[in-house]
Peer 1: 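Pasting in a structure now, in structure tokens, and then I'll have a few things to ask.
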Amino acid sequence: MGTAMEHTTLQRLIQDARTILQDNLHEADGKLFVMPSGSLYPAAWGWDTPQIAEGLYADQPDTALRLLEDYLSYQWPDGMVPHIVFPGIGHGEKFDATAYFPPPHVWYMTGDSIDDYAAASPDSFMRHPDYAHTEGKTTGIAQYPIWALNLRRMHEQRPIPPKRLEKLVEQLDRFHRFFHEQRDPEGLGIVAEFHPWIGCDNAPPYDKALHRIAATATPEELESIHRQRVDVKKTIAAGGDPSVRPTDEDYVAFLKIAHGLARAGEKRHRGEPVTTDDIPFVVYSPMLNGMLSRAEDDLALLARAAGREDIAGQAASRAGKLRQGMMQHLWDGEGFAYLDGKTGEKENVAFLGSCIPLLDEKLPDNVRDGLRQQLRERFQDGFRHGFATTARDNPARIAGKAGFEACYWRGPVWLNMNELLAPYSDNPKTIRDDALGLAAKEGLREYYDAETGKGLGADRFGWTAARVMGWAKEALHETAQQKTAHGRFSERIIGESANEHHRSRA
Ligand code: GLC
């Protein structure tokens with residue numbers, strides 16, 4: 001774990017973060033976007049954007065707000081804020097499949113098997129009813145609803161102009177309502193993830209569901225996915241190890257779920273009810289529900305600041321409902337479990353996301369104490385760096401299955417997750433200083449090996465830059481304060497001894 005850092009190193013980190021955030025901005029369709037990383041992610045993402053905007057806000061408040069507003073202009077009529085926006089593609093056009101896979105038209109294709117997507121005819125996706133309002137510029141799912149958390153922190157830093165704040169509040173209210181209206185197919189009072197690309201792609205709690213879906217794939221489909229994947233090719237070209245990426249089986253399942261959702265979307269447009277049977281992947285997670293219940297409370301605060309008591313009241317009551325639902329359906333007495341809506345199976349598979357309900361400060365004290373203990377014992381103790389994404393006690397990890405140190409959401413340290421959870425640990429500054437140490441040594445990477453600290457995944461990564469910027473400023477501020485305090489202390493000592501000197505001479 002890290003130690004206090006030199007002034008110059010902190011200043012260099014802030015400068016590096018600033019340059020990365022600036023370089024990743026781009027304009028298309030008359031809108032401003034930010035890429036998570038120019039190398040691996042050449043579009044704009046739905047939970048990266050607010051996390052990055054918060055990092056930009058201190059230096060460029062107007063740019064940061066525009067990023068949020070422009071992204072939200074792609075919000076769907078049902079309130080969904082899409083997981084990726086591909087700015088600049090024209091009507092009927094396909095995004096360059098060598099730049100990113102899968103290209104967005106995949107989300108409008110209702111077939112059951114893996115296709116050669118670059119060769120798909122425009123008719124195969126343009127006739128989907130959702131194409132009419134998105135023009136194929138967005139994917140068909142949402143990511144984690146972290147927006148209100150970031151916006152609340154931005155507003156506390158410097159008040160957002162009232163008109164802009166009110167519009168953002170209205171859009172986030174519609175986004176939150178979308179989860180309650182469209183993501184609770186069983187009416188449980190909690191909301192479900194319909195795709196792992198909500199944010200933690202290959203996290204261990206998804207293994208069984210993904211395996212079940214991939215098991216239906218033919219060898220030809222696996223081969224086809226392997227050929228089309230761009231992430232692996234880019235990782236190899238950058239000198240990285242492709243095994244840090246999800247597997248081809250994962251990708252086959254990711255694509256099959258996307259097609260299943262496109263079919264469910266068609267059904268909804270026909271006015272037929274969509275049930276759990278229509279959705280290939282339905283996972284009620286503590287990460288989504290804990291984040292949403294916290295986001296509802298943050299939205300309530302923002303709504304009050306914007307003079308919208310109506311929205312504030314509704315958001316607070318939705319938070320209460322989620323809290324109750326989480327306790328009823330996901331709490332297992334010691335921690336929060338993931339519930340598979342397809343099989344009814346409930347498991348606490350030792351993924352860091354199970355601690356995210358710590359963000360909800362209104363959960364009962366005994367629950368929060370239990371979560372704090374899990375955070376420490378399962379995700380921190382015994383690891384050299386940060387909170388790891390998979391616990392030491394994950395049975396598959398103990399059995400020595402590959403990939404748990406360096407593979408994406410199956411072990412490595414993600415600085416955004418650490419920043420969210422650090423305030424609830426026994427030693428937030430240790431987590432912060434360790435993260436700054438990783439960034440100073442390895443660069444602003446997508447994630448880091450929890451044992452060796454090696455930087456992995458995309459480089460010049462947006463939300464890492466945003467978090468490092470905030471943390472480095474905080475650390476600089478502290479050292480400056482310590483210096484001033486030390487200065488005052490020394491002055492007092494010098495003053496006192498001078499007085500004594502005077503007295504003794506008198
Ligand atoms: C990966 C991550 C996801 C993130 C995206 C863009 O898919 O799993 O959480 O939003 O990259 O950074």
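Heads up: numbering here begins at 1 and tracks the sequence. Each ligand, and each atom within it, is numbered from 1 in the order the structure gives.
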Peer 1: Among all protein heavy atoms in this structure, tell me which lies nearest to atom 3 (C) of ligand 1, with the distance rounded to 0.1 Å.
Peer 2: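 Going by distance alone, atom 3 (C) of ligand 1 is nearest to Gly199 O, 3.5 Å.
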Peer 1: Please say whether Trp47 places an N or O atom under 3.5 Å from an N or O atom belonging to ligand 1.
Peer 2: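 Between Trp47 and ligand 1 (N or O atoms, distance only) the closest approach is under 3.5 Å.
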Peer 1: If you measure from each non-hydrogen atom of Phe461 to ligand 1, which part falls under 4.0 Å: side chain, backbone, both or neither?
Peer 2: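 Within the 4.0 Å criterion, Phe461 contacts ligand 1 through side-chain atoms alone.
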Peer 1: Measure the distances from the heavy atoms of Tyr144 to every atom of ligand 1 and state whether one is below 4.0 angstrom.
Peer 2: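 Contact absent.
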Peer 1: Any idea which atoms of ligand 1 are less than 4.0 Å away from a heavy-atom of Pro36?
Peer 2: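 That gives atoms 6 (C), 12 (O) of ligand 1.
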Peer 1: Hey, does Gln143 come in under 3.5 Å of ligand 1, counting only N/O atoms on both sides?
Peer 2: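 By distance alone, the answer is yes.
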Peer 1: Which heavy atom of Tyr131 sits nearest to which heavy atom of Gly90, and what is that distance?
Peer 2: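 Heavy atoms of Tyr131 and Gly90 come nearest at OH-O, 4.3 Å.
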Peer 1: Which residue in the set Tyr100, Phe33, Tyr71 passes ring-ring contact (aromatic ring centres under 6.0 Å, His included) when paired with Trp45?
Peer 2: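 One option only clears the test, and that one is Tyr100.
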Peer 1: Among all the protein's non-hydrogen atoms, which is closest to atom 12 (O) of ligand 1, and how far away is it?
Peer 2: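 I find the closest protein heavy atom is Asp48 OD2, 2.6 Å.
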Peer 1: Check whether any side-chain heavy atom of Leu149 lies under 4.5 Å from a side-chain heavy atom of Tyr144, and answer yes or no.
Peer 2: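 They are not in contact (no side-chain heavy atoms under 4.5 Å apart), so the answer is no.
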Peer 1: Short list, please: which atoms of ligand 1 are under 4.0 Å from a heavy atom of Trp45?
Peer 2: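 So the atoms of ligand 1 that pass are 5 (C), 6 (C), 10 (O).
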Peer 1: Please determine whether any non-hydrogen atom of Tyr408 lies less than 4.0 Å from an atom of ligand 1.
Peer 2: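 The answer is yes, since Tyr408 has a heavy atom less than 4.0 Å from ligand 1.
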Peer 1: Looking only at the aromatic ring of each residue, does the gap between the centers of Trp107 and Phe194 stay below 6.0 angstrom?
Peer 2: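 Ring centres of Trp107 and Phe194 not closer than 6.0 Å.
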Peer 1: Less than 4.0 angstrom from a charged side-chain N to a carboxylate O is my criterion; do Glu345 and Lys208 meet it?
Peer 2: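 Yes, charged N to carboxylate O under 4.0 Å.
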Peer 1: Would a line drawn from the ring center of Tyr447 to the ring center of Tyr408 be shorter than 6.0 Å?
Peer 2: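 Ring centroids of Tyr447 and Tyr408 are less than 6.0 Å from each other.
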Peer 1: For the backbone of Lys94 and the side chain of His105, can you confirm whether one donor and one acceptor N or O come within less than 3.5 Å of each other?
Peer 2: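 A pair under 3.5 Å: no.
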Peer 1: Considering only non-hydrogen protein atoms, determine which one is nearest to atom 8 (O) of ligand 1 and report residue, atom name and distance to 0.1 Å.
Peer 2: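 Its nearest protein heavy-atom neighbour is Asp201 OD1, 2.5 Å.
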